[in-house]
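Protein chains get the first letters and strands the later ones, always in sequence-line order, with residue 1 at the start of each.
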Amino acid sequence: MATSLALDRQSRAWTFAAGAVCLLPLLLQLPLRLALGIGLTAVVVTAASWRRPLHALVRLLLAAALVGVVLALSHFAFGRDTGCALLAAMLALKPAETFHLRDARSLLGFALFAPFATFLLDQGPMSLLLGLVGAILALAALLRLAELESGDGRHPTSAWQRFTGVWKLAVIGLPLALAAFWLFPRLATPLWGVPERAMARPGLSDRMSPGEWIDLLNDDSTALRVQFFGAPPPTSQMYWRGPVLWNFDGRTWTQPGWLRGVPGAQVRSTGTHWDYQLEIEPTDSRQLVALDLPAFAPDGTRLSLDYGLYARRPLSTLSRWRMRSAPPATFEPQLRSVLRRMALALPSGYNPRTIALAQRWRREAGDNDAAVVDRAMAMIRGGFGYTLETPLLGRDSIDEFLFEQKAGYCEHFSSAFVVLMRAAGIPARVVTGYVGGYRNPLGGYWQVRRSDAHAWTEVWLQGRGWVRVDPTAAVAPERIYDTLADRAPGAQGLFGALVPRPVFDASDWLRHGWNDFALGFDAVRQRRLLSPFGVEDVGVAWLTGLFFGVSLLALLWMTWLTARAERERDPVLRAWHQLGARYARLGLGREPFETAARWAERISIARPGLAAGLPQLSHRFNNWRYAGRQPGPEAAALVRAVRRHRPGTRIPDESIGDRR
Amino acid sequence: MAATARTLRQRLSARVQAWARPRHPETLPVSFDRRRVYVLPTGFGLFFSLLLLAMWLGALNYNNNPALMLGLLLAGAANTSLLAAHLQLTGLQVSAIDAEPVPAGATLEVRLHVRADPGRARRGLRVQCEDATDVLSLVDGAGQATLSVPTQRRGWLDLERVTISTTRPLGLARAWAYAWPDAPLLVYPTPESPGVPLPEGSGADALARLRRSGDDVHHLRSYRRGDARRAIAWKPSARRDHLLVREYEQPLGAEVVLDWWQLPGLDNEARIRRLARWVDDAEREGRRYRLDLPGHAPLGPGSGPQQRHACLRALALLPASDAIT
């Protein structure tokens, strides 16, 4: 292979700028420290190697160091985000060896993977916008590189021309891209599993340590969007159940994994139910949330014993679920002994004061479980406060909370309440999820934000089964049910004071529409693509046919564009050439050296009678072409005459006479 | 192994070349229509399509719509870039080709004149003929490229197919078209070097030339275009503000006869080289000369660019065989 062309200053600048913009959205998705590290490395490496390449050893050491840092931060678990971080790290180091055309092109190729990787982690509007800008810049940089390769230094293209060039390419290619997007058959089941995240997961997790949710409770982004069909429940009934936590080790509540495999417990419904569609922002876990108790498991999910819903695949992209929920009249009225033991288990040697208190209540209440629950609620309602500013709790965390701090938030309340119940001999468990919702006035749907995350409890009572008890709501109902104005979307954010609420409503509404239109499109929606036209289910064969049909149209459009490029602009000349082609089919085409008049003369000699009228026509053509050449009625008449003319159209009289 | 691969590749490329349009030299002007413009991905284009394929598979697998859209947008743009590369060449017209003849062995500067409708920017087209390359950019619908083609033999130069190609706009694909102009490009014979002195003219003229070394100058006259440089009288010129030329009693050396048959003992090519040298020498000395060649009417006598070209052309086009007598 020939050695590749050396890059000039401008090409390098374009390449690096495109690489940087591609890298940016990916960095925004990585943990902050890692993102800062990689970003800084990129800047330093680019600056250090601007004039001459870094020593190979330095490059190797840098690469090894960055890979090491990424792996260490992900605790050597290889997940989707680890892969993305590695890609970002490699991109950050690439400028150190980018001096030739081929390096620049491979850098741009890999840089285009950065927005792709970003979309695997996040599909928010910011990522989309930055990714799009990055892709356009990368194409513009490729344009610049091709310009360099062509060696045409005398006619430089301006940046604006380059962008319009990329724009044209993208727009002409768009029909084909859209056809493939809407019509190319989607996979109903993935070919391979989606690697999960190793470093950070958004949203609820299957464990809870009181005092840890501060980040979540301050995250104002949307977690769910709910469209109710029929009347929605009151906000105080909007408990979106997520992971149910049974096991407590004195510090952390966790979910026993094996319960997922056990089918749902026995539930008797009250008769009311709510139909709704749930749009869940990506969480990267399999667990769905559902309003209270789902009446059935939607396709692709499974119900566990404690009525958790689990999808077959992690929810790594936006997903939508059609559901029906019903508040239970009784929920698992017969508790199996294994479960009963689990729901009563407490770590031994922790929280002695709490246990003593609960046992005292039990002695005083006798067999009446409900009395114990009431007593505990009365205690909490009496002297406890709600605050997000809590000190770190020590070993006997429940004791400290109940008897010293007396203030906390949902995690503390639910945790302490369950420990109290269990100590008093009442089966209890912690339930996490979201509570409440905000009705978007524009879209008429309900928004549930990450900051609505909540933890409450369920206690098992004889005859009724599991009953929801929310001790936090007893303390601060306004915090829980979104009835305060300052809990409206955006009010807590950086711009909360500056931007009016309708702006936030509108932005979420737009996002909802975009989700509806593009992000939520999948195999199921695709099959119903033609339902507005009365076709309810489009099969794969039909889709493929449609796809090829539309692609063919798009290709035809492109062919037309190429054909148009060589089309003669002048209508008279065009018609004249067509006329020449008609004679050429008879072997009487005009030779390149022949004038129009000579040609007409030759034909009339060679095939008398065939080309009657051609000499006059060629004379007119000559006159038009070499005298004046003005467009106008005269030219139009000439065009018509030339178009009408056919070889042998007018059969001369004598030949007819001969035949007679 | 590598050798067989190479010959295989050569054979394959020869087959492809034989199949590609145009298959024969053609008279100019030649327009590139869409049937003779070829587009194939470059190495980078293949790499890029692999990237896109990976993106597409990944996005479909995860049903990740933004990722899919990104991949498809890029694919659409890449696909259009093939079209754009194609459009850089369609509608291009190679209108003429010419070159100043040079002696064999020197490089012939072949100029390719190209026209197109001025609507589309056509910049940085690469023009290549064997190893000679140049960059062609059309300004206001016209452009010119110069190819430095090495020459080996005298006579008509059969130009190989000229490739006009571009990898613009994205470098993903290379579009190319062949122009195979059937235009006569003349290569003069190589003059002999070092040369032998010119043969003397006949009779008194020859004597007059011999005595020229004395200052037997009839008079001086002012310089006219085309006067031989050695005839300029530098010293008298320096005293005036214009150049003066010595005018001899009789035209210098009168008429030199360059006769093919007066050069026995040399083979044909050597004779041609010597005669070519003599033509140049006579021209340089500003003398009139006549060239007698087999199969030709005598050329001249005369001097000046026309005469020189006629003589060198005749020499260049002499048959190569030893059949000349």
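Other residues, nucleotides and ligands contribute at most 12 non-hydrogen atoms within 6.0 Å of the CZ atom of A:F110. Summarising the local packing, CZ of B:R126 is surrounded by 12 or fewer heavy atoms from other residues, nucleotides or ligands at distances under 6.0 Å. The environment of B:R111 atom CZ is dense: over 12 non-hydrogen atoms of other residues, nucleotides or ligands sit within 6.0 angstrom. Annotation for B:R115: atom CZ does not count as buried by contact number, only 12 or fewer foreign heavy atoms lying within 6.0 Å. Counting heavy-atom neighbours within 6.0 Å of B:R153 CZ, excluding the residue itself, gives a total of 12 or less. Remark: A:W557 CH2 is packed, more than 12 non-hydrogen atoms of other residues, nucleotides or ligands lying under 6.0 Å away.
Interface remark: A:L128 contributes side-chain atoms only to the contact with chain B (heavy atom separation under 4.5 Å). Interface residue B:L170: backbone and side-chain heavy atoms are both found under 4.5 Å from chain A. Contact of A:F113 with chain B is made through backbone and side chain together, with heavy-atom distances under 4.5 Å. Using a 4.5 Å cut-off between heavy atoms, A:L174 contacts chain B through its side chain alone, with no backbone atom that close. Neither the backbone nor the side chain of B:A116 comes within contact range of chain A; no heavy atom of the residue lies under 4.5 Å from a heavy atom of that chain. Heavy atoms closer than 4.5 Å to chain B are found nowhere in A:L148, neither backbone nor side chain. Residue B:L74 touches chain A through its side chain alone, counting heavy-atom pairs closer than 4.5 Å. Neither the backbone nor the side chain of B:A75 comes within contact range of chain A; no heavy atoms are under 4.5 Å apart. For a residue to count as touching a neighbouring chain, one of its non-hydrogen atoms must lie under 4.5 Å from one of that chain's; by this rule B:T167 touches chain A with backbone and side chain alike. For a residue to count as touching a neighbouring chain, one of its non-hydrogen atoms must lie under 4.5 Å from one of that chain's; by this rule B:L57 touches chain A with backbone and side chain alike. Using a 4.5 Å cut-off between heavy atoms, B:V37 does not touch chain A at all. The contact between A:L143 and chain B is made by backbone and side chain atoms together, counting heavy-atom distances below 4.5 Å.
Put simply, of A:I136, A:T118, A:V171, A:L142, the one with the most heavy-atom pairs under 4.5 Å next to chain B is A:L142. With chain A as partner, the option from B:G124, B:G76, B:G71, B:S165 having the largest number of non-hydrogen pairs under 4.5 angstrom is B:G124. Here B:L72 is the residue among B:L92, B:T27, B:L72 with the most heavy-atom pairs under 4.5 Å with chain A. With chain A as partner, the option from B:A77, B:S31, B:P66, B:S81 having the largest number of non-hydrogen pairs under 4.5 angstrom is B:P66.
Proximity of a side-chain donor or acceptor of B:N64 to a complementary backbone N or O of A:F119 within less than 3.5 Å is detected.
Between the CD atom of A:E149 and the CZ atom of B:F44 there is a distance of 10.0 Å, given to the nearest 0.5 Å. Distance CG/A:L112 to CG/B:L73: 11.5 Å, rounded to 0.5 Å. Rounded to the nearest 0.5 angstrom, A:F184 CZ and B:L60 CG are separated by 6.5 Å. Atom CZ of residue A:R186 and atom CG of residue B:N65 lie 4.5 Å apart, to the nearest 0.5 angstrom.
In this structure, A:A177 and B:M69 approach most closely via the heavy-atom pair CB-CE, 4.4 Å. Nearest heavy atom pair, residue A:G151 against residue B:V135, reads O-CG2, 3.8 Å. Closest heavy-atom contact between B:M55 and A:F116: O-CE1, 3.3 Å.
For the pair A:L176/B:T80, no side-chain contact is recorded, criterion being any heavy-atom separation below 4.5 Å from C-beta on.
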